[in-house]
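Working notes for the structure below.
Chain letters run A, B, ... following the sequence lines, proteins first and then strands; every chain starts at 1.
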Protein chains: 2
Amino acid sequence: MKLTILGCYAATPRTITNPTSQVLEIKNRLFLIDCGEGTQVQLRKNKIKFSKINHIFISHLHGDHFFGLIGTISTFALLGRTTDLHIYGPKGVKEIITLQLKLSNSWTTYELFFHELESKESEVIFEDNRVIVKTIPLKHRVYTNGFLFQEKPGERKLNVEAVQQYDIHTAYYQKIKGGGDVTLDDGTVIENEKLSFDPIPALSYAFCSDTVYNEAIIPIIKDVDVLYHESTFLESEAALALKTLHSTAQEAATIALKANAKQLVLGHYSTRYDGIERFKVEAQEIFPNVLLGDDGVSFEW
Amino acid sequence: MKLTILGCYAATPRTITNPTSQVLEIKNRLFLIDCGEGTQVQLRKNKIKFSKINHIFISHLHGDHFFGLIGTISTFALLGRTTDLHIYGPKGVKEIITLQLKLSNSWTTYELFFHELESKESEVIFEDNRVIVKTIPLKHRVYTNGFLFQEKPGERKLNVEAVQQYDIHTAYYQKIKGGGDVTLDDGTVIENEKLSFDPIPALSYAFCSDTVYNEAIIPIIKDVDVLYHESTFLESEAALALKTLHSTAQEAATIALKANAKQLVLGHYSTRYDGIERFKVEAQEIFPNVLLGDDGVSFEW
């Protein structure tokens with residue numbers, strides 16, 4: 001699982017910082033999460049192939065999370081894309097995009113599918129044979145969802161030495177990978193554990209931005225491997241965080257702790273601060289495993 | 001008069017090139033012309049003060065000319081702007097912007113005035129005591145206008161030595177600047193030419209992008225000081241220019257020649273070419289005074 005942060009600063013794009021957008025590579029799928037202005041250029045800078053992105057998830061309709069969407073969609077069309085593109089986001093996103101395409105008399109060369117979200121409960125919005133994606137209802141100034149990406153557990157790995165030792169026919173291999181025992185011709189039952197190894201653990205990633213401190217999300221993201229939680233402010237601006245329905249680094253860390261996350265990634269920093277190191281220091285007073293998200297940075301798990 | 005080109009490449013923003021946007025400073029007014037994605041960052045890079053921009057002109061609703069508008073408007077609001085902002089552009093621009101502001105529940109801190117254009121004839125869309133702006137109807141795939149910015153002639157300059165010599169009272173100075181003669185107490189009439197110098201010549205600037213080669217614009221831009229005319233293609237792609245309703249560098253030069261422009265500035269280059277020097281070479285075969293527009297470049301007249 002690989003996370004590439006294209007932008008993770010709040011409010012307005014600047015010469016040196018970009019608004020929210022990130023790419024999650026999980027089980028060989030590439031998901032684009034949020035799409036602030038300039039995302040298509042950040043994709044190019046980070047050498048992400050446009051053609052590998054088939055699903056875009058938009059948390060909410062504040063500009064720093066979606067003003068780059070129409071440009072990305074248009075550029076995909078200008079480049080002659082033919083593969084379907086799926087957009088998941090709040091109700092209204094379809095109207096905005098189609099109005100702009102209509103007024104510019106520029107239609108896409110590919111099918112564009114909108115999956116508009118309105119539910120205030122967590123729901124499954126994407127599922128295939130490898131990955132499942134659920135919404136994480138967040139509390140912000142407009143209707144907002146985070147997204148939980150979960151790998152499905154893979155097959156068990158064949159213990160090649162063991163199956164050869166028991167002289168097991170290849171016809172049984174798929175059954176073994178699926179967790180089944182094998183009965184030999186003489187009636188002996190060989191337990192699966194002797195014939196296979198555990199699968200690579202299924203990983204999960206939760207994207208939570210933007211949101212005020214909200215313990216209601218904890219059951220949804222419980223035991224998540226990696227939690228990206230917005231930390232717009234330092235603790236000195238805790239009152240402002242509450243007022244604007246954002247979080248502090250310590251609040252992000254508290255959610256990570258209570259949700260038993262293995263790793264916390266911070267981001268969505270207010271540009272009022274000179275540097276971001278202090279966000280990590282404050283978060284680590286509560287939760288140890290903190291990574292500082294930053295534009296152009298990638299993490300792998 | 002100073003022109004700063006923020007972006008002048010066609011189609012999609014890239015890591016090294018920006019879509020159309022430029023700032024014209026004329027008679028101490030600052031006009032933003034077109035607003036492709038990333039314009040607000042280009043404004044910052046070129047140290048243009050956001051607060052000095054009160055008028056934005058949008059030629060047409062193709063993405064590379066206006067996808068940065070909503071972000072620019074939003075950022076002005078986030079920075080607490082209170083001064084009125086006027087947007088001039090094709091019918092539909094108001095619906096796009098207000099829909100996005102509504103869905104993000106983010107209203108501006110300042111008054112936003114839309115001047116929607118529908119006419120197919122040239123019309124005056126802005127006028128104050130120093131500058132007049134007219135549309136230049138262009139031929140493109142959607143409804144498109146260029147814009148002609150004209151300085152109004154200034155006052156004549158007082159010939160300080162002469163007025164002292166004739167011992168003329170300061171009460172007459174404004175009359176002299178306005179072109180009036182002065183009658184002395186003894187009845188002698190002193191002609192204005194003896195008391196003042198010609199005003200600084202009034203300059204004009206025509207922005208023509210995007211458009212196919214179209215001689216119908218020549219009467220509107222006749223004798224213009226500076227003509228920015230799109231040159232998406234080189235002559236080798238003349239057929240493609242016609243098909244996509246764009247122009248070649250030589251077509252831009254032909255318009256400059258026939259309109260008796262003093263200076264041609266090229267731009268809106270297709271990104272298919274390795275460099276832009278060839279655009280100048282081809283244009284100069286027809287019209288000598290050619291400047292290559294490029295991102296971040298300024299010209300003064």
For chain A, find which of [options] contributes the most heavy-atom pairs closer than 4.5 angstrom.
options                         : answer
L43(B), N105(B), I70(B), L61(B) : I70(B)
V142(B), I96(B), L101(B)        : I96(B)
Q40(B), R141(B), H65(B)         : Q40(B)

Euclidean distance, F76(B) CZ relative to T12(A) OG1, rounded to 0.5 Å:
11.5 Å

Leading residue by heavy atom contact count with chain B [cutoff under 4.5 Å; candidates K45(A), Q42(A), Q100(A)]
Q100(A)

Among P19(A), S106(A), P13(A), G71(A), which has the most heavy-atom pairs under 4.5 Å with chain B?
P13(A)

Part of [X] within contact of chain A (heavy atom distance under 4.5 Å):
X       : answer
S74(B)  : side chain
Y143(B) : neither
T39(B)  : backbone

State, to 0.1 Å, how close L103(A) and K91(B) come at their nearest heavy-atom pair, and which atoms those are.
CD2-O, 4.3 Å

Ignoring hydrogens and geometry beyond distance, is a side-chain donor-acceptor pair present between R14(A) and T75(B) at under 3.5 Å?
no

Strictly distance-based, threshold 3.5 Å: is any side-chain N or O of E37(B) a donor or acceptor partner for the main-chain N or O of G38(A)?
yes

